[in-house]
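Below: one structure, written as structure tokens.
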Amino acid sequence: MDKVVASAAEAVADVADGSTLAVGGFGLCGVPSVLIDALLDAGVKELEAVSNNCGVDEWGLGRLLMEKRLRRMISSYVGENKEFARQYLSGELEVELTPQGTLAERMRAGGSGIPAFFTATGGGTQVAEGGLPWRYDAEGNVIVSSPPKETRDFVTNGESREYVLEEAIIADFGLVRAWMGDRHGNLVYRESARNFNPLAAMCGLMTIAEVEHLVEPGEIKPEDVHTPGVYVQRVVALTEEQAADKKIEKRTTRPRPEGA
């Protein structure tokens, strides 16, 4: 039952070239940066990553991207990562852009044993009809595009509407970051760092969690658990320095009010 491993390097040692990773985080919040760095040091390549976005240049998944370790991304947001856009448009990276809520539900479904589901999101667009560019060649020509998806009309609230069939996502590995975790793998996320982490934990066949505060079993109240330990196979306890190393994507400030 004790799922704690000695180091991040040990935790990712069996991640092989070509593996699919479900990675928690939103922007730079709740990103399993220590595990990502361990993958970088391990030298694995040709990875497929499922994540809301790909971090930024030189942080988060952006570190793997900069080293050309990613061959494919399933994500909903290109964001501030210029290298992501460059690799995509130059044919170096295949990208399956997916509506954000649909991506979240595909990951949740994968962890719940639901192979596919219908959603209204994307109906009447290229999401359903196919033709979204997945991969370009070096000259900017589309060489791989999204296939058409099955659609059906359902009546809800007395109104017929088109729904799109979306397949669940199951990844070889799930990489997440939690604020607190115990030795059994029960996890608690702090505030907005919760984001995609529970979903990445659910849909990974082998889920690895880096935790800022490791506690003993029983110290987390059952009602406070966000991800039950049944979804987690390995736990990495971070050092104080690692836990404190957090980046801010965009820092905005305003003058201090007079008299404050």
Side-chain angles (χ1 to χ4, degrees), residues 2-25 30-55 57-76 81 83-84 87-88 91-98 103 106-113 115 134-135 143-144 167-178 181 185 187 196-211 227 229-238 242:
D2 191 339
K3 301 176 182 179
V4 177
V5 295
S7 67
E10 179 182 336
V12 302
D14 55 350
V15 178
D17 293 350
S19 296
T20 300
L21 313 174
V23 184
V31 175
S33 55
V34 174
L35 292 173
I36 291 172
D37 283 349
L39 286 174
L40 190 66
D41 293 339
V44 289
K45 57 185 184 297
E46 294 295 310
L47 298 169
E48 178 177 5
V50 182
S51 186
N52 177 65
N53 63 300
C54 198
D57 298 336
E58 296 295 346
W59 189 253
L61 282 174
R63 289 176 57 76
L64 291 173
L65 187 74
M66 293 292 287
E67 295 296 323
K68 306 290 184 68
R69 304 290 182 83
L70 301 179
R71 65 170 179 85
R72 193 172 195 272
M73 281 289 304
I74 301 178
S75 59
S76 65
N81 195 322
E83 179 63 13
F84 183 104
Q87 289 190 25
Y88 174 43
E92 300 172 25
L93 178 71
E94 186 171 309
V95 178
E96 181 181 343
L97 287 172
T98 303
L103 176 63
R106 289 179 68 189
M107 297 169 73
R108 191 196 70 83
S112 302
W134 279 4
R135 181 180 285 276
I143 57 174
V144 180
E167 295 185 3
I169 292 174
I170 298 176
D172 299 318
F173 293 87
L175 306 181
V176 301
R177 181 174 183 132
L187 306 178
F196 275 78
N197 275 300
L199 306 171
M202 289 179 69
C203 74
L205 294 175
M206 172 66 69
T207 292
I208 309 168
E210 59 180 63
V211 301
T227 294
V230 67
Y231 288 114
V232 180
Q233 284 71 47
R234 297 171 189 165
V235 174
V236 178
L238 302 184
Q242 289 172 328

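Summarising the geometry of Asp2 relative to Val4, their closest heavy-atom pair is OD1-N, 3.1 Å, with the distance given to 0.1 Å. The minimum heavy-atom distance linking Val23 with Pro32 is given by the pair CG1-CG, 3.7 Å. Smallest separation of non-hydrogen atoms from Asn197 and Gly24: OD1-CA, 3.3 Å. For the pair Ala38 and Val12, the tightest heavy-atom approach, listed with the atom from each and the gap, is CB-CG2, 3.8 Å. Listed here is the closest heavy atom pair of Leu187 and Gly181: CD2-CA, 4.0 Å. The two atoms that bring Gly185 and Val235 nearest to each other are CA-CG2, 3.9 Å, heavy atoms only.
Residues Val95 and Phe84 have side chains in contact (heavy-atom distance under 4.5 Å, counting atoms from C-beta outward). Looking at heavy atoms from C-beta onward, Trp134 lies in side-chain contact with Arg72 at the 4.5 angstrom threshold. When side chains are defined from C-beta on, Leu103 counts as touching Val50, because their heavy atoms get closer than 4.5 Å. In this structure, Leu93 and Leu65 have side chains that are in contact, with non-hydrogen atoms separated by less than 4.5 Å. Taking 4.5 Å as the limit, every side-chain heavy atom of Thr20 sits out of range of all side-chain heavy atoms of Ile170. At least one side-chain heavy atom of Ser19 sits under 4.5 Å from a side-chain heavy atom of Leu47. Between Asp14 and Phe173, the closest side-chain pair of non-hydrogen atoms falls below 4.5 Å.
Rounding to the nearest 0.5 Å places CZ of Arg177 at 5.0 Å from CG of Leu238. Rounding to the nearest 0.5 Å places CG of Leu199 at 8.5 Å from OG1 of Thr227. The CG atom of Asp17 sits 4.0 Å away from atom NZ of Lys45, with the distance rounded to the nearest 0.5 Å. Note that CG of Asp41 and CD1 of Ile36 are 12.0 Å apart. Values are rounded to the nearest 0.5 Å. Within the model, atoms CZ of Arg63 and CZ of Arg69 stand 10.0 Å from one another, a figure rounded to the nearest 0.5 Å. Ile169 contributes atom CD1, which lies 6.5 Å from atom OG1 of Thr98 (distance to the nearest 0.5 angstrom).
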(request) Verify side-chain contact (heavy atoms from CB on, under 4.5 Å) between Arg106 and Ile74, making sure each step is shown before the conclusion. (result) CA-CA 11 Å; Arg106 289 179 68 189; Ile74 301 178; 4.3 Å; yes
(request) Kindly indicate, with the supporting measurements, whether the criterion side-chain contact (heavy atoms from CB on, under 4.5 Å) is fulfilled by Arg234 and Lys3. (result) CA-CA 5 Å; Arg234 297 171 189 165; Lys3 301 176 182 179; 5.6 Å; no
(message) The test is side-chain contact (heavy atoms from CB on, under 4.5 Å); show your working for Leu21 and Val15 and say whether it passes.
(response) CA-CA 9 Å; Leu21 313 174; Val15 178; 4.1 Å; yes
(request) Please step through side-chain contact (heavy atoms from CB on, under 4.5 Å) for the pair Leu39 and Leu175, ending with a clear verdict. (result) CA-CA 11 Å; Leu39 286 174; Leu175 306 181; 3.6 Å; yes
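Remark: side-chain polar atoms of Glu210 are paired, donor with acceptor, to backbone N or O of Leu35 under 3.5 angstrom. A donor-acceptor pair is defined here as one N or O able to donate and one able to accept, closer than 3.5 Å; such a pair exists between the side chain of Asn81 and the backbone of Cys54.
One finds no salt bridge joining Arg71 and Glu94 here, because no Lys/Arg side-chain nitrogen approaches an Asp/Glu carboxylate oxygen to under 4.0 Å.
Using modelled atom types, one finds no donor on one side chain facing an acceptor on the other under 3.5 Å when comparing Asn53 with Ser75.
Other residues, nucleotides and ligands place more than 12 heavy atoms under 6.0 Å from the CD atom of Glu10.
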